[in-house]
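Quick note: residue numbers are just sequence positions, from 1. From a predicted model like this one, the values you see are computed outputs, not experimental measurements. First listed ligand is number 1; within each ligand, the first listed atom is number 1.
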Amino acid sequence: MQRILATEAVELEEGCRCKLGGWLQETKNLGGIAFLKIRDRTGVFQVVLSKEEMEEDRFEKAVNVPRESVLIVEGEKKSTDQTDLGYELHPISIKVETEAEKPLPLGVVDKVDAEMGTRFDNRFLDLRKKEKLLIFEIRKNLLDGVRDFFDQEGFIEVYTPKIVAAGAEGGATLFNVEYYGQEAYLAQSPQLYKQMLMAAGFERVFEIAPAYRAEDFDTIRHTSEFLSLDFEMSFVESSKDIIDMTSYMVKHALSYVKNNCEEELEELGVEINIPDFPFKKIPYRECINILKDLGHEWEEDPQIGTEEEKILGEYVEEEFDTEFFFITEFPTEVKEGTFYAKRKEYDPSLTTYFDLEYKGQELVSGGQREHRYDVLIHQMEEIGLEKEAFQNYLEAFKYGMPPHGGIGLGFDRFLQQMLGLSNIREAILFPRDTERLEP
Ligand code: AMO
């Protein structure tokens, strides 16, 4: 007989014989009768054991199986209003597939969550909790929503190398890789490759793939490996085209999840607010002025960091009733190192670069790229960058490069903010950070 899921058994007729399997969540032994609660990925079903109806040693054996062991039960379905699923199973056979060791390093149904380190050390057990599965079901839908959008807009999905010879985001956060005796790095961003694909004439590409940053600090929004969602598009007239595309993408992905995950969101107690188009935009220097007006003070030069983003997020939400806003026109000195950023024609001290903020946290960075070879070289020289390291990338600008631009979005952060998770690690199955390389 083929094993079915706990919720599939709901559809079966009274008295029907079926086979279910899962993890033993709880045993209630009342002496002559006992109840086993067994969990699979769809729900918890109950098995009723009666001492009278089975041999005593089989009864004793069944009620003493340790919690979280895997059981396979074949039995008859009987309706009851005593269980959530409206039925219980009267067993014909119970097989202990694997017995769980005692004690468990982590409780699966405990009301109080264990300490974060213990949870992530035993992540496979931590993930057995219902709400964790919900997070990853929603994550899958958020990805589907994004892909659905790019499909509609004529983007093609690409995969670019993750072992690279030069970094896109500066040397400080590069992970070194020994590559056949040559120095190589893990890719921080697919940006330079996306740009080369614009030279290839692909016009619209997106990529969803891991990116690596050797961040040397521990925060609730950084990990060393994160899922980067990037797109690049050609023949843009200004950064507005990229800002609009980003806004539509975010809106579409959020609506997709809202429509497809109603039950999951309700179970997690999450409400998704769909932002209106166009999203609010505030130039960088105006953001600084707003912060000053709000009485914010800096120890050194005014800048926008974690704390300032939070203040601005609250301000925008209060004033304009939205969780999203773009910080636009990043000054050249703030986007230091981004030699590829196109500058505003009317004011070269400003770039076309922007960030998108979601609930007081940076979600996206992007902008229009400098596509003219000579200007690009000049901008590299200005910050003293070695052209040799980028030779391959630069070649792509010599033989016909269209005006283009794009963004990078931190996908784990997107999920974190959408679900109101306290830490980005909760949105990642097996996170990597300064302290963690295993499991
Ligand atoms: P940036 O460096 O701002 O831009 O990265 C883009 C987005 O990626 C997310 N992010 C991270 N998420 C988790 N952990 C990290 N350590 C981490 N670092 C970044 C953030 C961020 O907004 N090349 C540009 C993009 C482009 O212009 O195409 C870039 O990578 O949400």
- Test: Glu370 and Arg372 ion pair at under 4.0 Å: yes

- Message: Do Lys335 and Phe330 form a cation-pi contact, if we require the NZ or CZ to be under 6.0 Å from the six-membered ring centre and within 45 degrees of the ring's axis?
- Response: yes

- For atom CD of Glu178, decide whether the heavy atoms of other residues, nucleotides or ligands shown that lie under 6.0 angstrom number more than 12. yes

- Task: Return the set of residues passing ring pair (Phe, Tyr, Trp, His ring centres under 6.0 Å) with Phe277 (not counting sequence neighbours), or none when no residue passes.
- Result: Tyr248

- Which parts of the protein, at residue level, reach under 4.0 Å of ligand 1 through a heavy atom? Glu169, Ser189, Gln191, Lys194, Arg213, Glu215, Arg221, His222, Thr223, Phe226, Glu362, Leu363, Val364, Ser365, Gly366, Arg369, Ile407, Gly408, Gly410, Arg413, Ile424

- Basic-acidic side-chain contact under 4.0 Å: Glu97, Lys95: yes

- Heavy atoms from other residues, nucleotides or ligands near CZ of Arg3 exceed 12 (cutoff 6.0 Å): yes

